[in-house]
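Please find one structure pasted underneath; my questions will follow.
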There are 2 protein chains.
Amino acid sequence: MRADAKRNYDRIVEVAREVFREQGYDASLDLVAKRAGVGPGTLYRHFPTRENLIDAIMQSWVDRVDEAADKALAQEGPPRDLLLHWFEEYVALISLHKGGPAKITSAMDDPASPIRTKCEVLKTAGDRVLDWLRAEGALREGVEVTQVARLVGGVATVADQGDLDPATVRPLLEVVADGLLV
Amino acid sequence: MRADAKRNYDRIVEVAREVFREQGYDASLDLVAKRAGVGPGTLYRHFPTRENLIDAIMQSWVDRVDEAADKALAQEGPPRDLLLHWFEEYVALISLHKGGPAKITSAMDDPASPIRTKCEVLKTAGDRVLDWLRAEGALREGVEVTQVARLVGGVATVADQGDLDPATVRPLLEVVADGLLV
DNA sequence: CCACCATACGGAGAGTGTCTCCGTTTAGCA
DNA sequence: TGCTAAACGGAGACACTCTCCGTATGGTGG
């Protein structure tokens, strides 16, 4: 990749992150191009679809979900607290951008989605948490990580779309946790 | 309302229901107008925003949710079965159109939404079910109908966006039910 | 150091959808 | 039947997406 190309690529991602945070994931891509000081052609060459651009943006905080799982596992305490703590981190992270939860959660079931790789990272992070709970004998039979991702993703989606604050979301996550644990 | 106005109003709703079922809630409104045999101006006079049109479409199946609650209550059986049965009906009904669950569920938290009245009907239906469960002593302390609507709405949203079949959704609803019941 | 060319740029513009304005038509009443 | 308020509908302004292609430039071999 030529130096000027990389410069533009990085700048577009940076500007897109900002614009999407301001206006949501359906903001105008021409606006992103304009603010980044490039033509629309340049933007669309680097990112043929909106999804591709979102994918690039998400990379950084998918990594943080991975860390959050480790952090949750490092803590002492009863399984329910651990699970809830992880749920809250997860929701907070995928809600960093308006529309993010819906995007991530629906991509989980779409093998063709460009952000699929991100979902895989989220799933393996979730699996580490579930494995630990299983080892503790705290988890009900037959619980799959996909189910958990859908449940928590659903709560996050609702919270995002309704602008709910963490205190309102907490009891919802508690219901999910109680439904999952023995 | 003049007779020709009413004729057009009804025809637009009818056509919109069909078009939205085919193409989802983001279908072109000009197309709806064209198929209904009216000018765009006529459509936008009757329904200034897309939401207003959706509101009109939803009226009929909100009524059916109301009936479903009564039907669920009329059944014999343990509280868990009753709750699950109602959940499944609820999900099926608000999923009649692609994008419906997200629309309905996010409108629940938006006092300014044009489809707010519909949400109220859903909530009172839900309250009848919860009241019965409470009377049976089957419900946990402090559960609010809004919470239940959010949880089930979240599951429905995920199911809708991921095109999940009822057999896949069922275990998710079971988790929610188990988290709500004593 | 320079010339070359593959690589990248960027903007004009086609296609599509939203929504409004306003001249024309018509229902319903006196 | 004639009048008027209500309703119609389509032309068109504006916005967004995405492509095509002429122009510019970075990087490298001579």
Side-chain angles (χ1 to χ4, degrees), chain A residues 1-58 97-99 102-103 106-107 110 112-115, chain B residues 1-58 97-100 102-103 106-107 112-115:
Chain A
M1 187 185 257
R2 241 165 66 173
D4 55 343
K6 171 153 176 49
R7 225 172 13 245
N8 279 328
Y9 182 102
D10 291 346
R11 176 129 185 76
I12 289 169
V13 172
E14 186 188 336
V15 168
R17 183 174 285 132
E18 190 183 314
V19 171
F20 286 167
R21 183 151 42 218
E22 282 171 23
Q23 311 191 7
Y25 280 119
D26 54 352
S28 159
L29 295 186
D30 274 22
L31 172 69
V32 172
K34 183 167 285 179
R35 275 214 216 167
V38 303
T42 299
L43 187 149
Y44 283 99
R45 195 167 349 88
H46 285 307
F47 308 99
T49 70
R50 182 182 293 270
E51 293 289 302
N52 288 127
L53 180 51
I54 292 170
D55 184 54
I57 290 175
M58 285 179 167
H97 289 70
K98 189 97 185 149
K103 209 114 234 162
S106 70
D110 178 10
S113 170
I115 62 175
Chain B
M1 188 186 257
R2 242 166 65 171
D4 55 344
K6 173 155 175 46
R7 223 169 18 242
N8 280 329
Y9 181 102
D10 290 345
R11 176 130 185 74
I12 290 169
V13 172
E14 186 188 336
V15 168
R17 182 174 287 132
E18 190 183 315
V19 171
F20 286 168
R21 182 152 41 216
E22 281 171 24
Q23 312 192 6
Y25 279 120
D26 53 352
S28 160
L29 295 187
D30 273 24
L31 172 68
V32 172
K34 183 168 286 181
R35 274 215 216 165
V38 303
T42 300
L43 186 150
Y44 283 99
R45 195 167 347 90
H46 285 306
F47 307 100
T49 71
R50 183 180 292 270
E51 291 290 302
N52 288 125
L53 181 51
I54 292 170
D55 184 53
I57 290 175
M58 286 177 165
H97 289 67
K98 190 97 185 148
K103 210 116 235 160
S106 70
S113 169
I115 61 174

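Just so it is clear: chains get the letters A, B, ... in the order the sequence lines come, proteins before strands, and each one is counted from 1. Computed from a predicted structure; not experimentally measured.
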Please tell me which of B:R7 and B:A27 maps to the more 5' nucleotide of DNA chain C, matching each residue to the nucleotide holding its nearest heavy atom.
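Closer to the 5' end of DNA chain C: B:A27.
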
Spacing of B:L43 atom CG relative to C:dC21 atom C1', expressed in whole Å:
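The answer, rounded to whole Å, is 16 Å.
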
Qualifying residue, where the test is salt bridge (Lys or Arg N to Asp or Glu O under 4.0 Å) with A:D4 and the options are A:K6, A:R7, A:R2
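One option only clears the test, and that one is A:R2.
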
Report which part of the nucleic acid A:T42 touches: base, sugar-phosphate, or nothing (heavy-atom distance under 4.0 Å, all strands).
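Since a base atom lies under 4.0 Å of A:T42, the category is base.
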
For B:D30, answer base if it contacts any base atom (sugar-phosphate contacts may also be present), sugar-phosphate if it contacts only those atoms, and nothing otherwise; contact means non-hydrogen atoms under 4.0 Å.
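It contacts base atoms.
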
Rounded to the nearest angstrom, tell me the gap between atom CZ in B:F47 and atom P in C:dT20.
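Answer to the nearest Å: 15 Å.
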
Rounded to whole Å, please give me the gap between CG in A:L29 and P in D:dT17.
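Answer to the nearest Å: 5 Å.
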
Keeping the roles fixed (side chain from B:S106, backbone from B:A102), state whether a donor-acceptor pair exists under 3.5 Å.
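Side chain of B:S106 to backbone of B:A102: a pair is present.
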
What is the distance from CZ of A:R11 to C1' of C:dG10, rounded to the nearest Å?
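After rounding, the gap between these two atoms is 16 Å.
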
Answer yes or no: is there a side-chain heavy-atom contact under 4.5 Å between B:K103 and B:H97?
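B:K103 vs B:H97: side chains apart.
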
Does B:H46 make a side-chain N or O approach to OP1 or OP2 of D:dA7 shorter than 4.0 Å?
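Indeed not, no polar side-chain atom of B:H46 lies that close.
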
Could you tell me how far apart A:L31 (CG) and D:dC16 (C1') are, to the nearest whole angstrom?
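From A:L31 CG to D:dC16 C1': 11 Å.
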
Euclidean distance, atom CD1 of residue B:I12 to atom C1' of D:dC8 [Å, nearest integer]
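These atoms are roughly 11 Å apart.
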
Starting from the 5' end of DNA chain C, give me the residue, A:R45 or B:S28, whose nearest nucleotide shows up first.
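Nearer the 5' end of the strand: A:R45.
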
Would you mind classifying the nucleic acid contact of A:P40 as base, sugar-phosphate or nothing, using non-hydrogen atoms under 4.0 angstrom?
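A:P40: base contact, heavy atoms under 4.0 Å.
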
Atom CG of A:D4 to atom C1' of D:dG27: distance rounded to whole Å?
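Those two atoms, CG and C1', are 10 Å apart.
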
What is the distance, to the nearest angstrom, from the OH atom on A:Y9 to the P atom on C:dA8?
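Rounded to whole Å, this separation is 13 Å.
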
On the nucleotide C:dC19, are OP1 or OP2 found under 4.0 Å from the side-chain N or O atoms that B:Y44 carries?
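For C:dC19, OP1/OP2 do have a side-chain N/O of B:Y44 under 4.0 Å.
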
Tell me if the side-chain of B:R2 makes a donor-acceptor pair with the base of D:dA6, cut-off 3.5 Å, by modelled atom types.
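Yes, the side chain and the base share a sub-3.5 Å donor-acceptor pair.
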
At less than 4.0 Å, is any side-chain N or O atom of A:N8 found next to OP1 or OP2 of C:dC9? Yes or no.
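Result: yes.
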
So how far is it from B:D26 CG to A:D26 CG, rounded to the nearest 0.5 Å?
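With rounding to 0.5 Å, CG (B:D26) is 11.0 Å from CG (A:D26).
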
salt_bridge(B:R35, B:E22) N-O dist < 4.0 Å:
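Looking at B:R35 and B:E22, the cut-off is met.
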
